[in-house]
Visitor: 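Starting off with a structure, shown below.
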Amino acid sequence: MVRVEFSKLRRWKLLRVLPLLSLVLPAITFSYFATHPDYLTDMGLYKQALFSFNIFLILPAILGVLASMLVYNEQRCEVLKQLWIIPVSKGGYLLAKWVVVLTVSLAFMMLAVGFTFAFGLAFGFLSWNGEMMAFVLYKGIEAAVLEAVAVIPILALAVSHKGYLLPCCAAIIYAFLGFIVAQTNPYLIPSACAILCISRDLPNIIMPCAYQPFFAVLCFGGWAVASGIYAYHGLSEK
């Protein structure tokens, strides 16, 4: 199922703009610091280029829309009926979709990190600091995984409803809501909890509450289980 999913992605022209989307925020950040060099620090640049709007809005929205479109194309062509006849397990079907979302999330963040390293070092925006660069790379991978986990409720919504308009709109609202809720109680929804987990060890970032692994796992795990049950029920009705 995973191999088939990636084979289908080759025909998606939309994914060709993914590298450009991953470079938007780093490019804006470099433009800002080029005109405001007095504010330039290595970690300040990393935070603005990689861990600001990328994790607040851009990446969550991209992953939510991607999850919606992955399912919509199959619903539109009535592929699900053929899959159930084969048969394909519903759990395997959902897992394959999520693996694609995870891969795209990792690709997005690694492209952004790679561009930031290369451009920053080449043009003197960054100094060579192996320990800090390893930390930023780790945080990029962590952000990609957490955002992929956080988008599971949108994937469940997509597989349970026909059409793409509702899930796509829900994905954008979910991203904005995560940013808002993260300022009050991040453990309510996964998109807010992901922001807290990613920001917990970044310097000079103050969150409304302390990072507590138990509540983070409870938030991600509880929503994942509930979303899985909801998605499985939605697929059973089809």
Side-chain angles (χ1 to χ4, degrees), residues 2 5-37 39-40 42-73 97-126 133 136-152 154-155 158 164-165 167-179 191 194-195 198-199 202:
V2 173
E5 290 294 336
F6 282 106
S7 297
K8 292 188 296 184
L9 285 180
R10 297 173 185 173
R11 301 193 299 268
W12 276 46
K13 296 181 179 180
L14 181 63
L15 289 182
R16 296 175 186 176
V17 303
L18 182 67
L20 297 178
L21 293 174
S22 67
L23 303 184
V24 168
L25 192 57
I28 294 175
T29 301
F30 284 124
S31 299
Y32 173 79
F33 282 115
T35 57
H36 298 76
Y39 298 98
L40 177 62
D42 285 2
M43 183 52 68
L45 188 147
Y46 286 134
K47 288 194 296 183
Q48 292 298 322
L50 301 172
F51 306 117
S52 56
F53 284 99
N54 270 350
I55 63 172
F56 294 154
L57 179 60
I58 299 175
L59 184 56
I62 290 175
L63 296 182
V65 171
L66 171 67
S68 303
M69 297 307 297
L70 284 173
V71 177
Y72 168 71
N73 286 333
K97 299 296 184 189
W98 183 78
V99 170
V100 172
V101 172
L102 174 62
T103 303
V104 171
S105 183
L106 286 168
F108 180 94
M109 287 304 301
M110 292 303 97
L111 285 170
V113 170
F115 175 78
T116 302
F117 285 165
F119 194 90
L121 292 173
F123 290 91
F125 287 96
L126 297 171
M133 293 173 70
V136 170
L137 179 61
Y138 161 75
K139 294 300 293 185
I141 296 173
E142 180 187 50
V145 174
L146 289 175
E147 292 294 352
V149 174
V151 85
I152 289 177
I154 301 299
L155 178 60
Y164 66 91
L165 186 59
C168 286
C169 291
I172 296 173
I173 295 173
Y174 181 63
F176 276 106
L177 190 62
F179 174 72
S191 58
I195 294 174
I198 297 167
S199 304
L202 293 175

Visitor: Who pairs with Phe56 by ring pair (Phe, Tyr, Trp, His ring centres under 6.0 Å), at least two apart in sequence or on another chain?
Guide: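 In terms of ring pair (Phe, Tyr, Trp, His ring centres under 6.0 Å), with neighbours along the sequence ignored, Phe56 is linked to Phe179.
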Visitor: Once you round to the nearest 0.5 Å, how far does CG of Leu155 lie from CH2 of Trp98?
Guide: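 CH2 of Trp98 is found 10.5 Å from CG of Leu155.
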Visitor: Rounded to the nearest 0.5 Å, how far apart are CD1 of Ile198 and CG of Leu50?
Guide: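 Answer for the CD1-CG pair, Ile198 versus Leu50, is 11.5 Å.
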Visitor: In this structure, are over 12 heavy atoms from other groups packed under 6.0 Å from Tyr32 atom OH?
Guide: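 Yes, because the 6.0 Å sphere around OH of Tyr32 holds more than 12 heavy atoms from other groups.
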Visitor: Identify every side-chain donor-acceptor pair in residues 60-69 under 3.5 Å, counting partners at least two apart or on other chains, and give the distances.
Guide:
unit_1 : atom_1 : unit_2 : atom_2 : d
Ser68  : OG     : Gly64  : O      : 2.9

Visitor: Between OG of Ser191 and CG of Leu177, what distance do you get to the nearest 0.5 Å?
Guide: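 Rounded to the nearest 0.5 Å, the OG-CG separation comes to 6.0 Å.
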Visitor: Could you state the interatomic distance from CG (Leu102) to NZ (Lys97), rounded to the nearest 0.5 Å?
Guide: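 Going from the CG atom of Leu102 to the NZ atom of Lys97 covers 15.0 Å.
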Visitor: May I have all residue pairs that pass side chain to side chain donor-acceptor pair (under 3.5 Å) and include part of residues 138-149, sequence neighbours excluded?
Guide: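 Qualifying pairs: Lys139-Glu142, Lys139-Asp201, Glu142-Arg200.
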Visitor: Can the ring centroids of Phe30 and Phe125 be said to lie less than 6.0 angstrom from one another?
Guide: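 Yes, they do, as the ring centres are separated by less than 6.0 Å.
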Visitor: Please list every donor-acceptor pair under 3.5 Å in which a side-chain atom of residues 104-124 meets a protein atom from a residue at least two apart or in another chain.
Guide:
unit_1 : atom_1 : unit_2 : atom_2 : d
Ser105 : OG     : Ala144 : O      : 2.7
Thr116 : OG1    : Ala112 : O      : 2.7

Visitor: Hey, what do you get for CG (Leu126) to CG (Leu40), rounding to the nearest 0.5 Å?
Guide: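 Spacing of CG (Leu126) from CG (Leu40) equals 7.5 Å.
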Visitor: Looking only at heavy atoms, what is the nearest atom pair of Leu25 and Ser52, with distance?
Guide: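 Answer, listing the atom of Leu25 first, then Ser52: CD2-OG, 3.3 Å.
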Visitor: In chain order, what residues pass the salt bridge (charged side-chain N to carboxylate O under 4.0 Å, His left out) check against Lys47, with sequence neighbours excluded?
Guide: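 By the salt bridge (charged side-chain N to carboxylate O under 4.0 Å, His left out) rule, Lys47 matches no residue at all.
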Visitor: Rounded to the nearest 0.5 Å, what separates atom CZ in Phe51 from atom CG in Leu59?
Guide: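 Interatomic distance, Phe51 CZ to Leu59 CG, rounded to 0.5 Å: 11.5 Å.
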Visitor: List in chain and number order the residues that pass ring pair (Phe, Tyr, Trp, His ring centres under 6.0 Å) with Phe53, two or more places apart in sequence or in another chain; answer none if no residue qualifies.
Guide: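 Phe53: no ring pair (Phe, Tyr, Trp, His ring centres under 6.0 Å) contacts found.
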